[in-house]
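First the structure, in the form of structure tokens, and then the observations on it.
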Amino acid sequence: MLIGVPYLWLVILFLIPFLIVLKVSFSEPTVSIPPYSPRLDISDGMSALWQQIRQFSIENYVFLIEEPLFYRSYLSSFTIAAIATFITLLIGYPLAYAMARAPRSWRAILLMLVILPFWTSFLIRVYAWIGILKKEGLLNQVLLAIGVISEPLTILNTNAAVYIGIVYSYLPFLVLPLYASLERMDDSLLEAAADLGCTPMKAFWTITLPISIPGIVAGCFLVFIPAVGEFVIPDLLGGSETLMIGRTLWVEFFNNRDWPVASAVAVVLLLVLVVPIALFQNAQARAEEKAS
Amino acid sequence: MHRSKSALKISIFGLSLALSTSAAFAQERKVNIFNWSDYIDESILSDFTAETGIEVTYDVFDSNEVLETKLLAGGSGYDVVVPTGTFLERQIQAGVFQKLNRAKLSNLTNMWADIEDRVAQYDQGNAYSINYMWGTTGIGYNVEKIAERMPDAPLDSWRLIFDPEIVSKFQDCGIHLLDAPTELVPAALNYLGLEPDSKDADLLAQAEELLLSIRPYVQKFHSSEYINGLANGDICIAVGWSGDVLQARDRAAEADNGVSVEYTIPKEGALMWFDQMAIPADAKNVEEAHEFLNYMMRPEVIAKASNYVYYANGNHASKPLLLEDVFTDPAIYPSDETIAKLFTVTAAAPRQQRLLTRTWTKVKTGQ
């Protein structure tokens, strides 16, 4: 009985909205309320419903394949998300490691510091980066003052700003699972390695890193998956050349009023993301098996 | 059309207004208004409530696209909305609005016939809408930064934007264009001596070529950041909406930060647009909506709005009541000679719209 509850949850919060979007993706745009047809109204009776379903077409999906803009957007989103995830890992791993190695009394405070930014709205935190990165912004002023650069850098409205935004915003999502897996590690393993003449460096590579792999995998997916569909960060910090699928979808939905194509974009994005999500679930399940 | 200073402030104001008035007036008369952010003198709303007892809920949006999406989804809950002409035209086709009851709008006689004539191309016979404000899409610039880089810059011409040799001189100080194909493509077509309202694929290709030739010098395509950008001196040229640039001009003057901003309507002509008040077909407070529209057509009320937002209104009778610096500012009320050169565009059909947006995406991504 209880096993059904999460599935019911999934049906209500995921499957039903997905089916609505899927339905719209097979319709065509019209100048009406709502701006697509057929509308698929159950109140018209079953035979009318069947008539409406027969009007469905895959034209929007054909359009997605034919128009290079879309695969370029998907590709560019995946590239940006992958690079940003890698940078987040490079910064997040030492952070999580230092936290896990810190004296026990400090850990609660350090953990608090990682979580603290969530107390401010995500939108406002991203917006604040505009003030830091712009030409007359904080970063340029500091760099100019200490003489590192002689001309202000153009960072805002470029892909570099998007990477900074993603790394900053999603860093806690990587640090937390990583910290959890590092903190659980049994210190006696390292002591044993040292007793047997293993250097600390070698002990890290042969013991700590492999043990933390489930944390790395979980953290990377938690960064990568939302970063692919990110809209706010590229919109506020990115420049005109920043091509991301979230923005392309926005343009289709709002500027073109093409709800069917926008829905098709969303369905394809979901299908493409299901692969990494499934991999993630799989890795989680295996890790849990190992633990027990 | 487009003000974005303090959407939050106005929303909070609207809320408090609704709360305070609900205590004062026991009857359930109310009107829900959805207008551009920072686009009204707030005292107009409280005056309206004080006089009529109608409770006002005032919400704001910052793009036509957001308004349109709400209207097309249906059941927006608003009684008065303010789309721009081109959007209004398509929304009328979609059946979004109801015809106005002219018997309830005694102040229609105050309206400006010239503006009504121009609006008629979007709303035949002005059956569905009343003009709120109108303006132009021109060029805002930082006076000092332009003079520094090119003392003889053609400030009265679109060459400032569309001549690669000229525009390239200002690349380093920041150039923003509106992120709106319906604004920039007509401007490009007009500059090329072509019909600005054309939806023809070959002509669009020419506009695309022109826009791509200046694309390397553009820092960003965005429809509101340029207000702060110009005012703070972060950017030096923006193609933007008249009132927004004037707002940047005033903010720079207030801040006294050594930045001076000016707005120009290029001599080749510029796009003229109209923000129209209309009543959605599914509005619940139709009677109150008409009362509000009639109130807004009082000369002293709409003059107060123009004096506050620095946009021209479509009310002829309000002209003597405008502040001197509003009425005599050619950036707000252009001369007849300039008005004659302003052009308007109509809505694109869905297939044309897709072509237009595709062109725009190519321009923006530079590919």
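Within every chain, numbering begins at 1; the chains are lettered A, B, ... in the order of the sequence lines, protein sequences first and strands thereafter.
When the shell of 6.0 Å around NZ of K169(B) is examined, it contains more than 12 heavy atoms from other residues, nucleotides or ligands. Around atom CD of Q124(B), no more than 12 heavy atoms belonging to other residues, nucleotides or ligands sit under 6.0 Å away. Remark: Y71(A) OH is loosely packed, at most 12 non-hydrogen atoms of other residues, nucleotides or ligands lying under 6.0 Å away. More than 12 heavy-atom neighbours from other residues, nucleotides or ligands sit within 6.0 angstrom of CZ on F56(A). Counting heavy-atom neighbours within 6.0 Å of E59(A) CD, excluding the residue itself, gives a total of 12 or less. The environment of I91(A) atom CD1 is dense: over 12 non-hydrogen atoms of other residues, nucleotides or ligands sit within 6.0 angstrom.
Interface residues of residues 253-273 of chain A toward chain B, defined by a heavy-atom distance below 4.5 Å and sorted by number: F253(A), F254(A), N255(A), N256(A), R257(A), D258(A), W259(A), V261(A). Contact residues of residues 124-139 of chain A toward chain B are K134(A), K135(A), E136(A) (heavy-atom distance under 4.5 Å).
The heavy-atom pair separating T357(B) from V251(A) by the smallest distance is CG2-CG1, 3.5 Å. Across every non-hydrogen atom of L72(B) and I33(A), the tightest pair is O-CG2, 3.0 Å. Q93(B) and V31(A) get closest at one heavy-atom pair: CB-CG1, 3.7 Å.
Top candidate by heavy-atom pairs under 4.5 Å with chain A, chosen from H222(B), K220(B), Q353(B), is K220(B).
A salt bridge is absent between E67(A) and K362(B); no separation between the charged side-chain nitrogens and carboxylate oxygens falls under 4.0 Å.
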> Taking it one step at a time, do R72(A) and T365(B) satisfy side chain to side chain contact (heavy atoms under 4.5 Å, CB included)?
Replying inline: CA-CA 11 Å; R72(A) 285 216 321 267; T365(B) 55; 4.1 Å; yes
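For the atom pair K364(B) NZ and T242(A) OG1, the distance stands at 10.5 Å (nearest 0.5 Å). Expressed to the nearest 0.5 Å, how far CD of E225(B) lies from CG of L156(A) amounts to 7.0 Å.
When heavy atoms are compared at a cutoff of 4.5 Å, L71(B) approaches chain A solely by way of its backbone atoms N, CA, C and O. Residue Y36(A) does not touch chain B at all, counting heavy-atom pairs closer than 4.5 Å. Looking at E68(B), only its side chain comes within 4.5 Å of chain A, counting heavy atoms on both sides. Of the two parts of D172(B), only the backbone, made up of N, CA, C and O, holds a non-hydrogen atom closer than 4.5 Å to a non-hydrogen atom of chain A. V218(B) does not touch chain A: none of its heavy atoms, backbone or side chain, sits under 4.5 Å away.
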